[in-house]
Amino acid sequence: MPDIHDESGFEPHPKPGVDHLDYAGEQGRVVEEDTLIEPDPAKREEARSLWGHAWRDLRTRPIFLISVVLILLLVIMAIFPWAFTDTNPRASDLVNDYLRRPDWTDFFGAGWFGYDGQGRSIYARVIYGARASITVGICVTALVTLLGGLTGMLAGYFGGAVDAVISRITDIFFGIPLLLGALVLLGAFSARTVWSVVIALAVLGWTQIARVMRGAVLTVKQADYVMAGKALGAGTGRLMMRHILPNAVAPVIVVATIALGGYIAVEATLSFLGIGLQEPTISWGIDISSAQKVIRTAPYVMFFPAAALSITVLAFIMLGDAVRDALDPKLR
Amino acid sequence: MGSYVLRRVLQMIPVFFGSTLLIFLMVYSLPGDPIVALFGDKAADPAQVAALRQKYYLDQPIWKQYLHYMGNLFQGDFGTSFTGRPVSEIMADAFPVTIRLALMAFVFELVVGLTLGVLSGLRRGSVVDTVVLVLTLVVISIPVFVLAYIAQTVFATNLGWVTPTVQDSTDLSQLILPAIVLGSLSLAFVARLTRTSIGENLRADYIRTATAKGLPRRTIITRHLLRNSLIPVVTFLGTDLGALMGGAIVTEGIFNVQGIGNVLYRAINQKEGPTVVGIVTVLVIVYLVASLLVDLLYAVLDPRIRYA
């Protein structure tokens with residue numbers, strides 16, 4: 001007699017690329033083998049999962065492709081900045097290079113974007129500045145998704161007292177605006193690195209994901225296949241991980257992608273205000289802040305880091321927009 | 001309705017205490033001694049430090065400090081800043097300025113954002129729609145402090161329409177540029193949210209019914225479409241008023257508006273605990289009241305929602 005909790009015995013493990021409709025077909029074959037029409041390969045193509053549909057949809061969207069290329073470029077820039085420039089971003093020559101204007105003939109050279117008020121190559125600083133922004137954006141989003149996803153899942157799945165407690169805690173953190181809270185939190189530290197900014201933003205930012213996740217879990221929990229899983233004796237962990245999570249994660253991914261651009265903007269704002277990253281970390285926010293002094297005489301000192309920052313934020317927001325449109329069945 | 005309001009207010013109480021406790025802990029239990037910082041570079045006299053600590057209740061354990069603060073707060077006393085000025089007096093000076101600025105930004109984002117959203121939502125795929133989509137995307141991507149400098153350079157330095165910084169914070173005409181900058185990000189969100197919402201509702205059955213029974217297009221749009229499409233927008237606007245006041249920290253700094261953002265920024269830098277806690281507490285209250293009002297507005301906008 002097989003143990004009822006041994007899931008491998010009856011759980012249909014759909015092969016990659018094969019979805020639940022095929023499984024229903026196999027069930028049908030047992031009952032009425034003669035009348036079953038073999039699924040036409042073309043029709044099978046149509047009956048993809050939500051993710052299959054989304055992927056097929058995304059591949060043809062120019063906005064998606066542009067943002068992915070931009071983001072890949074930025075990530076490579078963050079990991080291997082020296083591949084884009086051989087100029088030291090911290091080297092300063094006040095005698096020769098003080099506020100030297102951009103030289104358009106110097107392609108990818110130190111003087112391409114000109115020099116800042118300390119005689120440093122703006123091009124090299126824009127390249128090296130990507131690391132701080134990308135690190136903060138990706139790490140905060142990862143932490144926030146983990147923390148918010150977990151609390152939202154627990155609140156949505158268990159409901160009752162667990163939900164009440166978690167939801168009130170979420171409300172408490174939600175009531176404190178992100179920028180304001182981060183200013184207060186980071187203001188207490190005299191030495192701040194990328195990691196203190198990451199932790200401050202993650203501690204204050206997880207509530208949005210938690211709310212979205214809770215809402216999605218509440219909806220998915222009602223689905224028949226969750227009931228079926230429960231009836232077949234699947235444990236809490238298995239129901240959460242195998243049945244609810246894959247079906248509730250779509251809105252979380254959309255919100256997290258759009259929020260990633262927002263975290264990069266908040267980091268730059270904090271650094272701009274002098275309460276985020278500090279020298280010698282190279283950050284677009286710090287560079288924009290120090291460019292304030294020379295904005296009248298040398299606007300290009302602010303222009304290039306500001307443009308880099310805006311393009312980065314734009315790339316992530318466009319990616320999030322495209323993913324949302326692809327995942328939202330209402331718009332299809 | 002009455003019992004719903006009561007339940008919501010009861011739910012707000014733990015959130016209020018939780019948020020203020022969180023702020024309190026962030027300000028007072030993190031490293032950095034505000035009293036020693038008061039002395040700057042000079043060596044602090046231990047006796048004087050001890051006296052100051054006692055005066056500001058800082059020699060007590062943190063939970064006692066919090067209870068003491070809350071006790072005073074409910075008598076309308078926000079404490080005294082380290083410079084000796086009552087925090088309520090500091091806030092009474094700065095809040096009206098920020099409220100004016102935030103309200104102007106709010107009206108701007110509401111009127112312009114809704115108009116753009118409705119125009120593009122009704123004509124999906126048209127030139128107007130594309131322009132609105134691209135413009136809002138650009139505004140969302142450019143951080144507010146960069147936008148502030150662009151506005152300052154273009155309208156003050158190049159065109160000379162306004163002064164680059166605000167000389168007199170009570171003069172509404174000087175606040176227009178900062179208000180537009182402050183409201184621009186939310187404006188983009190309002191426009192996009194309205195556009196999406198209208199696009200979804202246009203395909204709803206009740207719109208088809210209204211068209212079928214021959215109602216004029218204007219009536220369909222204002223009575224049926226707008227009313228139903230506004231619900232997500234109202235949710236956003238409600239939480240946004242508090243965010244505008246908090247977000248004023250950057251705009252007020254760049255345009256030299258002597259409002260709550262400027263005061264708060266200085267207070268954070270100088271580790272002025274009482275001022276920081278006071279201002280953030282008021283902002284939390286504004287946020288809580290606004291979200292309550294939003295929930296009540298739902299019932300007005302959508303007759304299907306009834307609060308039992």
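All chains are named by letter (A, B, ...) in the order of the sequence lines, taking the proteins before the strands, and each is independently numbered beginning at 1.
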Check [X] against [Y] and note the closest heavy-atom contact, atom names and distance.
X: B:Met26; Y: A:Gly181; result: CE-O, 3.4 Å
X: A:Ser310; Y: B:Pro143; result: OG-CD, 3.6 Å
X: A:Ile172; Y: B:Ser19; result: O-OG, 3.0 Å

Legend entry - Plane angle bin for A:Phe174 and B:Tyr287 - parallel if under 30°, tilted between 30 and 60°, otherwise perpendicular: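 Tilted, since the angle between the ring planes falls between 30° and 60°.
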How far does [atom1] of [X] sit from [atom2] of [Y], to the nearest 0.5 angstrom?
X: A:Arg168; Y: B:Phe17; atom1: CZ; atom2: CZ; result: 15.0 Å
X: A:Arg324; Y: B:Thr196; atom1: CZ; atom2: OG1; result: 6.0 Å
X: A:Ile169; Y: B:Leu22; atom1: CD1; atom2: CG; result: 10.5 Å

Legend entry - Under 4.5 Å from a heavy atom of chain B, the part of A:Ile275 involved: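 For A:Ile275, the contact with chain B is made by the side chain alone.
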Side chain, backbone, both or neither: which part of [X] has a non-hydrogen atom closer than 4.5 Å to chain A?
X: B:Thr153; result: side chain
X: B:Leu288; result: neither
X: B:Tyr265; result: side chain
X: B:Leu283; result: side chain
X: B:Leu264; result: side chain
X: B:Ile254; result: side chain

Inset, instruction - Give me the one residue out of B:Asn269, B:Val276, B:Ile249, B:Val280 that meets side chain to side chain contact (heavy atoms under 4.5 Å, CB included) with A:Leu183. - result: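 Among the candidates, only B:Ile249 passes.
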Inset, instruction - Between chain B and each of A:Thr269, A:Leu178, A:Leu309, count heavy-atom pairs under 4.5 Å; write down the option with the most. - result: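 Among A:Thr269, A:Leu178, A:Leu309, the one with the most close pairs to chain B is A:Thr269.
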Legend entry - Residue among A:Leu179, A:Asp321, A:Ile264 with most heavy-atom pairs under 4.5 Å to chain B: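 Of A:Leu179, A:Asp321, A:Ile264, A:Asp321 has the most heavy-atom pairs under 4.5 Å with chain B.
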Inset, instruction - Answer yes or no: is there a donor N or O on one side and an acceptor on the other, between the side chain of B:Ser141 and the main chain of A:Ile311, under 3.5 Å? - result: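 Here the side-chain-to-backbone pair does not exist.
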Legend entry - A:Leu65 atom CG: more than 12 heavy-atom contacts under 6.0 Å: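 Yes, CG of A:Leu65 has more than 12 neighbouring heavy atoms, counting only those of other groups under 6.0 Å.
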